[in-house]
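Have a look at the structure below before the remarks.
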Amino acid sequence: MVSMAKRNKQNGKRSFEAEKSTLQTAKKPRISVDSSDEEYDEPMKAPSDLGSEDEDELDELDDVDEQEADGSDQEEGEGGLEDSEGEEEGDVKEQDNDTEGKHKEQRKLLRERKQSRKGGTQVQQIKSLWEKLRVKNAPIPRAERQELSDQVWELSKDCISDLVLKHDASRVVQTLVKYSSKERREQIVDALKGKFYLLATSAYGKYLLVKLLHYGSRKSRQTIIDELHGCLRKLMRHREGAYVVEDLYVLYASNEQKQQMIREFWGSEYAVFRDDHQGLTIEKACESSVEKRTIISKNLLGTISASVEKGSTGFQILHAAMRQFVHIANDKEIEELIEILHESFAELVHTPEGSEVACTLIARTNAKERKQIIRSLRDHTEALIKNEYGTAAFITLLFCVDDTVLVHKTFGPSIRENMKEFLVHKYGRRPFLYLLVGLDSKYFNPHVIGEFNKYIKLSEATSKKPFLQRRHELLGKFAPEFLQTVLENYSGILSENLGCQFISELLVNDEVYEVLKEKDQQLFQDVVDSIAITFKGDITEEDHPIHHPFSVRLLKALIQGGKWNNKEKRFEPLEKVPCLGVKFAQKFYDEIIDSSNLLDWINNPDSSFTIVALFESLLGKKEGKQFFGDFKKIKNKIQTDDSNKGANLLLRLVKEKGV
DNA sequence: CACATTGTGAGCCG
DNA sequence: CGGCTCACAATGTGCG
């Protein structure tokens, strides 16, 4: 799957999805064939398994690694037929390696068997043609390629269904598909009608099937999808088949088809009479009767649990199925799902749907299960928090879990380790912004807020503490760590827009200051001073922070000592933080600007607004004595340049306030 | 919060 | 069929 997605990324247009799917499935174990494993799939064994096994190739169970390499795709390149002959021999040898004579006999037998096999003679010819066709290093002219592929087609069209399940011959057909016209691709699809299930469950055929989907026309895709409909549950439980289904779902199915695919997991009724249920949602389906809901949820859970056990927790189709499941599940079933997922919980959270499942589970379950979930996420803290969807699950933990000590103890170490990256990271900073300001619409879009509110509502039944208390407890633990991180890395954080914003929320914040212990209040002061000092120096220097708009906004907020509430169109001053506002303004003027630079700061359009802020903050205050004294001396030297809006505003204020 | 910008997906035409 | 344009949504930025 990983490899398939990669291929699509290279060749296809839908690179976005391909990439996503790589991300989610990256951790999944690769396909490893293990003959003993194939059987306890489902009561009914896929007929195709029998078919492919008895007909040919003992070697099918060998050289899987090589096959994997094929899939990982250097464009059906390297590796090749030569060794396939060798493999077969090797296989025979293994069964009987005593006597050379017996061995020879076997070899002869094998050759004969090969020749007598349906289309055996053609296979040899086709292979030699393919050898020419697949060469990659020396590009062959279009016309010649055309001719070669025509020849291959002529030879193979009558026995194509026998070719496609075999290790090497299937690759011949893959190449053929790649270099064929769309008409021929449709012919190939037609020739394989009725065999797609076989293909999907074949270790070799599945790659061809994926290629057909990729290069095929809309009609071809529809043909294949139609044929696989009804077998999806069986396929999901199949080692090879599951990958095909996932690829189909992620890359090729339309929205409607996706819905239909999931509906099959509800039960046979929905798999067989699919047209009767167009557009049916799971909630509607479960409304009709209690029995129905029970059956649907049982079936869904069956498919989910089988797939998770197979190690397919990262599949998107499974996330979608789980999402529907949690929408209808009762409390007991929710716990069953957590039980099934236990260790694999981290593989869920990186997709939108998986994250929704994770959040819902977190919100609905009890303290004991939450503890389990926290444990299983612990080793993925960094990836969890930096991922757009993972971070939502983490935030859900923050606002649901009563045991804030556990949360801080579990995640604290790796958070401290990565804190300076988190604070300037688009998604990584979100959990911490939540701790600072709650679910502010400035940082969370309406949809996300809506989702969170849903989980908050759900958690009301399972969480005991008042909602705000959890945030404040966590804030008390994390706030000193924020300050420490900023103190140690302020220049790096200040150079980033997102970092400035974070610092602003951290410092211009009554709640934060209130939870600080005495020694941490000193830390707070140190942070404020460090930031002020970065503005010292010649403002005509290009890299002075005054030319960085976000740093200036932070500075302004510190001088004003409050936030602008745009909703109510008014300024909200801080009440609990003593060292900001007037105090800060005075100190900043005395220590950073002073009389020698005041005029320069006013005449520079990047810094003039800072002076406006000082002016307003210090007006009528005893702390402003020095500032206004100096100001009067130079106010006649202010340049009235139209491009310096701050300076003009300042002059207007002088008139209005009468300084 | 409101505006502008950017990237994405769906529909259309050559 | 493939390339294009258009419209929308999500995201970033600026503002009193």
Side-chain angles (χ1 to χ4, degrees), chain A residues 8-9 11-21 177-187 189 212-222 250-258 352 355 387-389 391-392 424-430 433 437-452 496-502 504-505 508 546-557 559-573 605-617 619 643-653 656-657:
Chain A
N8 292 327
K9 192 182 161 190
N11 298 354
K13 308 171 63 178
R14 326 205 28 176
S15 54
F16 185 63
E17 280 97 323
E19 181 145 23
K20 270 207 282 199
S21 91
V177 169
K178 191 176 161 188
Y179 293 129
S180 290
S181 63
K182 62 174 188 208
E183 289 82 13
R184 180 158 320 136
R185 284 181 194 150
E186 289 201 2
Q187 284 176 306
V189 170
L212 285 172
L213 284 167
H214 183 77
Y215 292 109
S217 64
R218 178 159 304 191
K219 189 169 145 260
S220 302
R221 280 179 201 165
Q222 194 59 52
V250 174
L251 296 165
Y252 306 114
S254 66
N255 264 339
E256 205 173 304
Q257 287 166 332
K258 283 183 184 180
S355 167
N387 179 275
E388 176 175 5
Y389 306 103
T391 208
V424 297
H425 190 274
K426 188 174 163 199
Y427 302 119
R429 64 188 191 139
R430 284 192 183 174
L433 283 167
V437 294
L439 296 172
D440 195 318
S441 63
K442 201 171 168 187
Y443 302 112
F444 300 95
N445 69 39
H447 173 254
V448 176
I449 298 252
E451 293 287 300
F452 281 143
E496 309 234 13
N497 296 353
L498 299 185
C500 290
Q501 220 170 13
F502 186 89
S504 180
E505 299 293 6
V508 187
I546 203 72
H547 308 300
H548 184 229
F550 280 79
S551 298
V552 173
R553 268 146 82 169
L554 168 61
L555 180 60
K556 202 166 122 190
I559 292 169
Q560 292 177 324
K563 279 188 239 186
W564 177 261
N565 183 335
N566 211 355
K567 207 172 173 179
E568 293 170 35
K569 296 280 175 206
R570 67 191 181 88
F571 179 77
E572 289 173 348
D606 287 337
S607 51
S608 53
F609 277 100
T610 303
I611 307 300
V612 174
L614 282 176
F615 185 101
E616 290 182 319
S617 186
L619 188 68
S643 67
N644 190 344
K645 287 184 180 163
N648 290 322
L649 181 57
L650 197 57
L651 291 173
R652 221 177 61 218
L653 283 170
E656 282 171 22
K657 312 284 180 187

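Treat the numbers as computed from the prediction; the structure is a model and nothing was measured. Naming convention: chains lettered A, B, ... in sequence-line order (proteins, then strands); numbering from 1 in each chain.
- Per the geometry, NZ belonging to Lys258(A) stands 10 Å off P belonging to dG9(B), to the nearest Å.
- For the pair Glu656(A) CD and dG16(C) C1', the computed distance is 13 Å after rounding to whole Å.
- Applying the salt bridge (Lys or Arg N to Asp or Glu O under 4.0 Å) test to Arg553(A) and every residue at least two apart in sequence or in another chain returns nothing.
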Check the interface with nucleotides 10-12 of chain C: list each N/O to N/O pair with the protein under 3.5 Å, or write none.
unit_1	atom_1	unit_2	atom_2	d
dT11(C)	OP2	Asn445(A)	ND2	2.9

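- Counted by atom type alone, His548(A) and Asn497(A) present one or more donor-acceptor pairs between their side chains at under 3.5 Å.
- At whole-Å resolution of the value, CZ in Phe571(A) and P in dC1(B) are 19 Å apart.
- Distance Glu496(A) CD to dT13(C) P: 12 Å, rounded to the nearest Å.
- Residues satisfying the side chain to side chain contact (heavy atoms under 4.5 Å, CB included) criterion with Gln187(A), sequence neighbours excluded, are Trp153(A), Arg184(A).
- Side-chain N/O atoms of Arg570(A) include none lying less than 4.0 angstrom from OP1 or OP2 on dG16(C).
- Between the C1' atom of dG16(C) and the CZ atom of Phe609(A) lies a distance of 10 Å, rounded to the nearest Å.
- Put simply, NZ on Lys442(A) is 12 Å from P on dC1(B), counting in whole angstrom units.
- Looking at residues two or more places apart in sequence or on another chain, you find a side chain to side chain contact (heavy atoms under 4.5 Å, CB included) between Ser220(A) and Glu186(A), Val189(A), Ser217(A).
- Picking from dG16(C), dT13(C), dC1(B) the nucleotide with the shortest atom distance to the side chain of Lys556(A) gives dG16(C).
- Every salt bridge (Lys or Arg N to Asp or Glu O under 4.0 Å) that Lys442(A) has, sequence neighbours left out, goes to Glu505(A).
- Every residue two or more places apart in sequence or in another chain that forms a side chain to side chain contact (heavy atoms under 4.5 Å, CB included) with Leu619(A) is listed here: Phe615(A), Phe628(A), Lys657(A), Val659(A).
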